[in-house]
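Chain identifiers are assigned alphabetically (A, B, ...) following the order of the sequence lines, protein sequences preceding nucleic acid strands; residue numbering begins at 1 within each chain.
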Number of protein chains: 2
Amino acid sequence: MNLKELARKLDLSPTTVSRALNGYPEVNEATRERVAAAAKRYNYKPNTRAIRLATGRAMAVGHVIPVATRHEIVNPVFADFIAGAGEVYSRNGYDMLLSIVPDDNEERVYRELKSRGTVDGVILHAPNTEDPRIPLLVELGIPFVVHGRATGTAPPYSWVDVNNRRAFLRATEFLLDLGHRRIGLLNGLEKMDFAIRRRTGYEDALASRGIPADPEIMVSEEMTEAAGYRATRAMMALPNPPTALLASSIIIGFGIRRALEDMGLAMGRDVSVIVHDDDLSYMRNGEDVPVFTATRSSVREAGRRAADMLISIITGKVLAPQEQLLEAELIIGQSTGPCKG
Amino acid sequence: MNLKELARKLDLSPTTVSRALNGYPEVNEATRERVAAAAKRYNYKPNTRAIRLATGRAMAVGHVIPVATRHEIVNPVFADFIAGAGEVYSRNGYDMLLSIVPDDNEERVYRELKSRGTVDGVILHAPNTEDPRIPLLVELGIPFVVHGRATGTAPPYSWVDVNNRRAFLRATEFLLDLGHRRIGLLNGLEKMDFAIRRRTGYEDALASRGIPADPEIMVSEEMTEAAGYRATRAMMALPNPPTALLASSIIIGFGIRRALEDMGLAMGRDVSVIVHDDDLSYMRNGEDVPVFTATRSSVREAGRRAADMLISIITGKVLAPQEQLLEAELIIGQSTGPCKG
DNA sequence: AATCGCGTTCAAACCGCTTTGAATGACCCC
DNA sequence: GGGGTCATTCAAAGCGGTTTGAACGCGATT
């Protein structure tokens, strides 16, 4: 059943039927009801492809997921982020398009999205410092929202981010307050912007207490269980090992825990651990009492916010670049305790 | 730059230009080259929306992700699956559409995908036994491939699945060979088809050695770290605790490890553990030596296979329903050892 | 010379909607 | 009664491609 057929059944022109269904004011209320009833009865759904061509809008949002050709890492927070974003899209009648792209090919993909008109806007994931994708998107004129920020990027742009610096500042201060002086940092790769912000927060907290940051107990690696294990073993083998560890993800935390266990050390008693917890739905930090003391910020919520923001940019509801900074909570779990050094 | 403009520049009709670019045989080779050169020079990309309307094909594949309204679980294997599928789609010029849908609404979404013509086919995720979605998709005439299978579903359908029964059969036999007689099962929710197949494999292995399955050491829960912890604590507190555990996911395995540690037990020495490992890119099972002994099968590869299969169904390359059963490897790690009971 | 076939190109219809601009008729006012 | 306003409806022209059916030029066939 298409519009023309429906119109014929109703003895109306396609014009009127279309307007009736789309809520235009110039149709008689009685007519509108008749049309609505018939549409329902014949289960009429307008063809998406035709709407898109006619309106020139794609009614779709793109998420370009760069897959590192070398690292082969699919970011684990990604699933939750799009779950949040997806909720918002479907509420607003938008489709969500995913492009899995080798990361050396991203520019071409954006250019094609633009010239083929497949999407109305995109979400930019995992920004690096001075990320070249941002000026590119600005140049192409594609509406976009960044999940995260990119230090050193000139043009203004819209973003949703966690206050990573403050989160790690507070976490570090909390450990300092517990008496820890040797605090190891297990960070993500520092080409990613958030990793740099987290390190800065950590360093600032140390500096404010006059403690020099020690590169020997600061690592920047992929955020995997295995990397957490390896880094922990290495740090704990130092002549002057840390008494506390601060990690950029709960997955690293699992690796830390395994390493400590293998060395016969108890987390929370012998070594304090704080992790960043993205509140992933399939990786909850314990049930009633959190396993890890953590800086927590729901990445799913970030997905919702970013999607909302993007839609209001696409629809022209807002014009200036939007910014939204989410604060992480510091939640106390079983993995921290006073320093007994 | 659109087709008409390009045609005008070339002093050709849109018809010929279109045919030249789409490889139709009736265009003069010299003309074709002239067209190709101009298309490249003016960076002409045909508008996706127009192609879709004209051809009646969506050139897109849908993935409907049911989000359990109660459990709030986004399946962690999902990110890797679509990473694999996405590779195949982009190679073939298809878009990947994601719908995040409350699971009480799935039927409506499929009907809309059909009547609005948004996609050419779908991948069905996380099938339950006698899953009603399968007959629905057959009825609607939407091409689809199931990731997994659904026992007790009447109509034939295409699927890609791991041989879950055999994987767990072999894992159980391996533990039995090590002398274990009390083997606990930490399974996923048994409304999901794969969970039932895994239990069957486990039970069959026990039965073949004349060991009765004991419901006290068999749980079926969400596959989270916390659930793994809880179940392990409960089982180990029994008067007759298991000496080995078999778990449906590596995430459960992390919970098992934490529980054992809390009880002062060493994994691999005091209690043997085998997990199923989906070979997630962000959750590798150790680096050189696997941490967990595991039944391993790459879910990313499954994504590739499913996408390939779906595309050949959509394009009519194959007509009969296709089936593909992947075998899991049994890889030996540090979490298993002889029973010392 | 008329006919045929072949290779190549084109005009126009079509896909299913939206949207512009015009038409219709009822009602009101002077 | 003529003109103006207003509410309502419609025909037709897009949107940017694909595809059908026809046309054209030219060498080969009869």
Peer 1: By side chain to side chain donor-acceptor pair (under 3.5 Å), which residues pair with A/His147, not counting sequence neighbours?
Peer 2: none
Peer 1: Give me the residues of residues 44-56 of chain B where at least one heavy atom lies under 4.0 Å from an atom of DNA chain C, by number, or none.
Peer 2: B/Leu53, B/Ala54
Peer 1: For D/dC10 and A/Thr15 - does any side-chain N or O of the residue sit under 4.0 Å from the phosphate oxygens OP1/OP2?
Peer 2: no
Peer 1: Could you name each residue pair satisfying salt bridge (Lys or Arg N to Asp or Glu O under 4.0 Å) that touches residues 112-127 of chain B, not counting sequence neighbours?
Peer 2: A/Lys45-B/Glu112, B/Arg108-B/Glu112, B/Glu112-B/Arg116
Peer 1: Do any of residues 111-121 of chain B sit with a heavy atom less than 4.0 Å from DNA chain C, and if so which?
Peer 2: none
Peer 1: Need two values: the first and the last nucleotide of DNA chain C, 5' to 3', having an atom under 4.0 Å from any heavy-atom of chain B.
Peer 2: C/dT8 to C/dG16
Peer 1: What residues form a side chain to side chain donor-acceptor pair (under 3.5 Å) with B/Asp279, not counting sequence neighbours?
Peer 2: B/Arg284
Peer 1: With axes from five pairs an end, tell me the bend angle of the helix from C/dA1-D/dT30 to C/dC30-D/dG1, nearest 10°.
Peer 2: 70°
Peer 1: Just jot down the side chain to side chain donor-acceptor pair (under 3.5 Å) partners of B/Gln324, sequence neighbours excluded, or say none.
Peer 2: B/Arg305
Peer 1: If you measure from the Lys or Arg side-chain nitrogens to the Asp or Glu carboxylate oxygens, is any gap between A/Arg304 and A/Glu301 under 4.0 Å?
Peer 2: yes
Peer 1: Please work out which residues in residues 1-9 of chain A have a non-hydrogen atom less than 4.0 Å from an atom of DNA chain D and list them by number.
Peer 2: none
Peer 1: What residues from residues 21-41 of chain B pass a heavy-atom cutoff of under 4.0 Å to DNA chain D?
Peer 2: B/Asn22, B/Tyr24
Peer 1: Could you work out, with side chain to side chain donor-acceptor pair (under 3.5 Å) as the rule, every residue matching B/Ser158, not counting sequence neighbours?
Peer 2: none
Peer 1: Between N or O atoms, less than 3.5 Å apart, protein on one side and nucleotides 22-24 of chain D on the other: list the pairs.
Peer 2:
none

Peer 1: Should B/Phe78 and B/His63 be marked as a ring pair (Phe, Tyr, Trp, His ring centres under 6.0 Å) after you check the CA-CA gap, both sets of side-chain angles, and the distance that decides it?
Peer 2: CA-CA 10 Å; B/Phe78 165 68; B/His63 287 243; 7.2 Å; no
